[in-house]
Asker: 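Can you keep this structure in mind? I'll have questions shortly.
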Amino acid sequence: MRAVGAALLALIATSAVAETITAARYIHPTGRYAHGILGDALEWGGVQISLADGSARRFNLPCDHVFEDIAPRLVDVTGNGTPEVLVIETDMNRGAALAIYGPKGKIAETPHIGQSNRWLAPIGAADLDGDGAVEIAYVDRPHLARVLRVWRFADGELSEVAQMPGLTNHRIGESFISGGLRDCGAGPEMVLADADWRRVVGVTLKGGQLVRRDIGPFAGVDSFAAALACE
């Protein structure tokens, strides 16, 4: 009986390893959403997720959705030691949302912004406040509202924990998103620009509140590279 139990546990473990995500990429380029916020006319109609056993899963969006993004991000959102896929998924009538995909499809997503041609730019995901849960940060409408929003993933759901206005990480037409996350020895810190693109700013999450500090002048993309390298 013990042998059967051990064999079953080994089978479950092997199956779990086989389901581990190793890579992800967008597929099916499409021009069905004429927003062009990233500098071209093409978005993506699907995502392909590669698994450790060599197989791949493909998830195609309905015709009124696109992935309005640069590339999928592999992040351990659930805290189980293996990554999920973080994407920008846009409803063509309701704007962008941040979504999490696993080997079996979508796990959770934030609400869509609520209007067509409204976008968000991810910063990253980490346990920002040391509570054991992973937070996901993005800038809501980096060209208009310029609001940093932080969401926590717990019990299979996303809930917003904090927001701060006056920050951005993208300019219209750029094919990249600026800033990101760094840890210079005191825990995770978000790196962004102020609303006028004059200063590089660091933001931390402490006790449920966002705390902002000045890092230095913004003088092009090298300013972000230096900040992320803790220089």
Side-chain angles (χ1 to χ4, degrees), residues 21-26 37-40 67-79 81-88 96 98 100 110 119-143 145-153 161-231:
I21 295 172
T22 57
R25 66 182 180 91
Y26 291 126
I37 204 70
L38 291 165
D40 60 34
F67 291 114
E68 191 179 13
D69 202 357
I70 296 165
R73 301 150 192 83
L74 267 59
V75 181
D76 180 11
V77 176
T78 61
T82 62
E84 286 73 41
V85 181
L86 195 64
V87 298
I88 307 172
L98 202 69
I100 304 166
T110 65
W119 187 68
L120 60 84
I123 298 167
D127 181 2
L128 296 177
D129 57 0
D131 68 347
V134 172
E135 285 82 32
I136 303 171
Y138 64 78
V139 178
D140 179 356
R141 292 159 289 173
H143 326 110
R146 301 182 180 94
V147 176
L148 166 62
R149 301 181 70 176
V150 178
W151 297 73
R152 180 174 293 124
F153 183 82
V161 295
Q163 60 177 262
M164 176 178 284
L167 298 165
T168 188
N169 60 347
H170 185 263
R171 292 182 286 194
I172 293 174
E174 289 181 340
S175 61
F176 58 91
I177 296 170
S178 295
L181 288 175
R182 72 177 189 178
D183 189 339
C184 299
E189 183 176 36
M190 294 167 274
V191 177
L192 308 94
D194 68 1
D196 297 322
W197 288 92
R198 294 179 180 175
R199 309 296 297 179
V200 179
V201 176
V203 181
T204 54
L205 180 66
K206 297 180 179 179
Q209 301 295 317
L210 293 171
V211 180
R212 169 177 170 166
R213 71 181 186 90
D214 185 77
I215 293 177
F218 172 74
V221 294
D222 288 345
S223 302
F224 287 114
L228 292 170
C230 302
E231 296 177 357

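Heavy-atom basis, side chains included; hydrogens, waters and symmetry copies ignored.
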Asker: Do Leu38 and Trp119 have side-chain heavy atoms sitting under 4.5 Å apart?
Answerer: yes
Asker: Between Glu84 (side chain) and Thr78 (backbone), is there a donor-acceptor pair under 3.5 Å?
Answerer: yes
Asker: Where do Arg213 and Thr204 land on the side chain to side chain contact (heavy atoms under 4.5 Å, CB included) test, with the steps shown first?
Answerer: CA-CA 9 Å; Arg213 71 181 186 90; Thr204 54; over 6 Å; no
Asker: Compare all side-chain heavy atoms of Ile177 with those of Pro122 and state whether any distance is below 4.5 angstrom.
Answerer: yes
Asker: Using a strict 4.0 Å threshold on nitrogen-to-oxygen distance, state whether Arg199 and Asp194 make a salt bridge.
Answerer: no
Asker: Report the C-alpha distance between Asp129 and Arg152 in whole Å, list the side-chain angles of each, state the deciding distance to 0.1 Å, and finish with yes or no for side chain to side chain contact (heavy atoms under 4.5 Å, CB included).
Answerer: CA-CA 10 Å; Asp129 57 0; Arg152 180 174 293 124; 2.8 Å; yes
Asker: Distance-only, no hydrogens or angles: does the Asp222 side chain make a donor-acceptor pair with backbone N or O of Ala226 under 3.5 Å?
Answerer: no
Asker: Taking the side chain from Asp140 and the backbone from Ala145, do they hold a donor-acceptor pair closer than 3.5 Å?
Answerer: no
Asker: Between Glu189 and Leu181, is there a side-chain heavy-atom distance shorter than 4.5 Å?
Answerer: no
Asker: Side chains of Ile21 and Thr82, heavy atoms from C-beta outward: is any pair under 4.5 Å?
Answerer: no
Asker: Looking at side-chain heavy atoms only, is the closest gap between Leu148 and Ile123 below 4.5 Å?
Answerer: yes
Asker: Could you go through the side chain to side chain contact (heavy atoms under 4.5 Å, CB included) check for Tyr138 and Ile88 one step at a time?
Answerer: CA-CA 10 Å; Tyr138 64 78; Ile88 307 172; over 6 Å; no
Asker: Tell me, do Arg212 and Leu167 make a side-chain contact under 4.5 Å, heavy atoms counted?
Answerer: yes
Asker: Check whether Arg141 reaches the backbone of Val139 with its side chain - one donor and one acceptor, N or O, closer than 3.5 Å.
Answerer: no
Asker: Side chain to side chain contact (heavy atoms under 4.5 Å, CB included) for Val201 and Met164? Distances and angles first, verdict last.
Answerer: CA-CA 12 Å; Val201 176; Met164 176 178 284; over 6 Å; no
Asker: Under a 4.5 Å cut-off applied to non-hydrogen side-chain atoms, are Ile37 and His143 in contact?
Answerer: yes
Asker: Taking the side chain as everything from C-beta on, heavy atoms only, tell me whether Val134 gets closer than 4.5 Å to Asp76.
Answerer: no
